[in-house]
Amino acid sequence: APAKYRPAPHQPPITPSMASGYPADWLGKYDNATSFLYTHGDVKHEREQHAPQLKAPAKHVLTMCDLTKDEVVDILRVALAMKASRSNFTETGFDRFSDTLKGYSLLTLFEKPSLRTRVSLEVGMNQLGGQAIFYSIDNSPLGVKESIEDTGRVLSRMCQGITARVNCRHSVRNLALVSSIPVINALDDYGHPMQMLADLQTIVEHKGTLAGLTMAYFGDLENNVTYDLMRTAALMGYNLNLAGVGDIEQAVWEEVKVLSEKTGSKVQVFKTAQEAMTGVDVVYCDSWMSYGIPKEEEEKRKNLFMPFQVNAELMKLAKPDCIFMNCLPAARGMEQTAEVIDGPQSVVFDQAENRLHAQKALLVYLLAPKRFAQIVAVPPLPAK
């Protein structure tokens with residue numbers, strides 16, 4: 001018969017209470033894991049003792065309607081702080097947010113390609129101490145090899161969050177219905193909330209506030225960016241002038257109406273680019289040739305949208321300190337001329353960079369809400 005285990009003289013015997021974990025959890029009391037998981041006692045770090053609690057349902061962000069104005073303001077505050085912290089990293093080697101999502105994994109599902117979305121998510125998770133895992137569903141669509149329900153449940157046990165950039169709104173919505181971890185729409189045919197947060201951060205940086213502003217959007221009115229620009233203006237309380245081609249879905253107008261009743265925002269469509277441009281603070285364009293547009297239709301679309309091209313002459317109708325935005329990729333000579341996008345009023349590359357910082361703040365808010373609350377609870381420094 002095998003000899004019975006006998007502890008070494010310097011080891012205490014393992015008792016049933018110790019083996020069962022709390023409260024005699026030696027590892028939980030004395031290890032050196034990430035500090036914010038523990039209370040800070042005067043003598044030693046001990047794991048907080050809590051009664052078991054039901055896990056709150058995951059918060060998903062599929063359009064800007066899934067966020068409140070106060071939530072957006074807090075996310076922008078954290079995004080600005082993250083950008084400032086990162087600005088000196090190459091010189092100092094220090095970023096105070098570098099382990100905020102340590103040990104977290106984000107699965108990034110891509111049915112549609114994107115340079116900015118993939119790079120910003122992967123770099124962002126790395127900068128926060130976590131990892132982003134790229135998975136292409138272009139050749140393996142959701143719900144084909146296995147049910148979306150099974151996929152969502154499996155991923156919920158392995159990752160802490162999911163982003164999905166897909167062709168159709170139904171894919172990301174079905175995934176959110178069955179996932180117990182946050183699902184973020186990285187673009188579908190109905191919204192683009194991650195882009196909106198980067199846009200808001202850019203406007204705040206250059207204008208100092210959102211209050212009292214009017215934005216003008218030109219181009220395709222029947223697309224995801226337009227829809228979320230409408231929701232964002234109505235949510236945050238600034239005005240939006242639209243001019244272009246396409247039929248806006250009635251459901252979007254209904255969402256905008258509900259939001260505008262609370263904030264006083266005005267979202268309206270103008271017949272001409274000149275009417276929409278007069279006296280605005282921000283000008284916004286998006287590509288006329290979204291992914292999936294057949295090659296043979298490009299010339300027809302170009303002729304259709306050309307009356308709404310943003311050029312130097314049209315920009316003269318806006319306020320002198322107006323800024324120009326494009327969520328990229330941009331085609332010079334199409335939705336805007338080169339002199340506009342490469343001119344002094346253009347902030348498109350600040351806008352592109354802010355995808356990184358705004359998404360980092362959103363990820364912390366959704367994946368680690370308690371940690372996010374700790375960050376925003378820090379009061380501002382007293383004025384000198």
Side-chain angles (χ1 to χ4, degrees), residues 55-67 71-72 75 78-79 82 97 100-198 224 228 291 355-372:
K55 186 177 180 181
K59 181 176 178 65
H60 310 299
V61 174
L62 308 184
T63 73
M64 287 299 289
C65 287
D66 294 316
L67 294 169
E71 287 175 321
V72 171
I75 290 169
V78 173
M82 287 179 167
F97 300 102
T100 305
L101 292 184
K102 184 176 182 180
Y104 281 63
S105 295
L106 175 73
L107 181 67
T108 62
L109 300 175
F110 282 83
E111 188 174 21
K112 300 179 74 172
S114 173
L115 172 68
R116 276 154 295 281
T117 300
R118 179 175 180 180
V119 173
S120 59
L121 286 171
E122 293 189 6
V123 171
M125 282 298 292
N126 178 272
Q127 290 181 357
L128 292 169
Q131 65 170 344
I133 304 169
F134 171 84
Y135 185 78
S136 174
I137 56 175
D138 183 31
N139 298 319
S140 181
L142 293 174
V144 175
K145 288 186 176 180
E146 66 176 356
S147 69
I148 290 180
E149 290 79 8
D150 287 354
T151 301
R153 288 169 182 153
V154 169
L155 297 179
S156 295
R157 292 180 176 226
M158 296 182 178
C159 302
Q160 285 69 53
I162 302 170
T163 64
R165 183 180 173 92
V166 295
N167 292 316
C168 176
R169 69 196 71 172
H170 303 297
S171 298
V172 68
R173 275 152 184 72
N174 289 338
L175 186 61
L177 284 173
V178 298
S179 298
S180 59
I181 57 176
V183 173
I184 307 170
N185 178 10
L187 179 145
D188 63 12
D189 62 342
Y190 198 57
H192 199 355
M194 295 198 307
Q195 180 65 55
M196 297 301 110
L197 293 173
N224 46 17
D228 252 353
Y291 291 113
R355 285 289 300 272
L356 171 64
H357 310 296
Q359 286 168 191
K360 285 167 63 178
L362 177 65
L363 289 169
V364 175
Y365 177 67
L366 295 176
L367 275 58
K370 290 183 179 179
R371 183 61 175 154
F372 186 90

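- Side chain of Gln160 to backbone of Ser105: a donor-acceptor contact under 3.5 angstrom is found.
- Side-chain contact between His192 and Leu187 is present, with at least one heavy-atom pair separated by less than 4.5 Å.
- Between Met82 and His357, the shortest heavy-atom distance links the atoms SD-O, 4.3 Å.
- Once rounded to the nearest 0.5 Å, the distance linking OG1 of Thr100 with CG of Leu363 reads 11.5 Å.
- Contact annotation: the side chain of Gln359 never approaches that of Leu197 to less than 4.5 Å [non-hydrogen atoms, C-beta and beyond].
- At least one side-chain heavy atom of Met64 sits less than 4.5 Å from a side-chain heavy atom of Val72.
- We find the OG-CD distance between Ser114 and Gln195 to be 9.0 Å, quoted to the nearest 0.5 Å.
- Leu62 is listed as a side-chain neighbour of Arg173, based on a closest heavy-atom distance under 4.5 Å.
- In terms of the side chain to side chain contact (heavy atoms under 4.5 Å, CB included) criterion, residue partners of Leu155 (sequence neighbours excluded) are, by chain and number, Leu107, Thr151, Ile162.
- Rounding to the nearest 0.5 Å places OG of Ser179 at 10.0 Å from CD of Glu149.
- In this structure, Phe110 and Phe134 have tilted ring planes: the angle between them lies in the 30° to 60° band.
- Expressed to the nearest 0.5 Å, how far OG1 of Thr163 lies from CE of Met125 amounts to 9.5 Å.
- Note that CZ of Arg165 is 13.0 Å distant from CG of Leu109, once rounded to the nearest 0.5 Å.
- A pairwise comparison of heavy atoms in Gly161 and Ile181 identifies N-CD1, 3.7 Å as the closest pair.
- Residues Pro182 and Lys59 share a closest heavy-atom pair of CB-O, 3.3 Å.
- Counting only heavy atoms from C-beta outward, the side chains of Ile184 and Met194 approach each other to under 4.5 Å.
- Looking at heavy atoms from C-beta onward, Tyr365 lies out of side-chain contact with Val78 at the 4.5 angstrom threshold.
- Contact detail for Ser120 and Arg116: the closest heavy-atom pair is OG-O, 2.5 Å.
- Ile75 and Ala358 make their closest contact through CG2-O, 4.2 Å (heavy atoms, listed as atom of the first residue, atom of the second, distance).
- Taken to the nearest 0.5 Å, the CG atom of Leu106 stands 9.5 Å off from the CD atom of Glu122.
- Under the salt bridge (charged side-chain N to carboxylate O under 4.0 Å, His left out) rule, Arg169 has a single partner from Asp228, Asp189, Asp188, which is Asp189.
- The nearest pair of heavy atoms linking Ala368 to Tyr104 is CB-OH, 3.7 Å.
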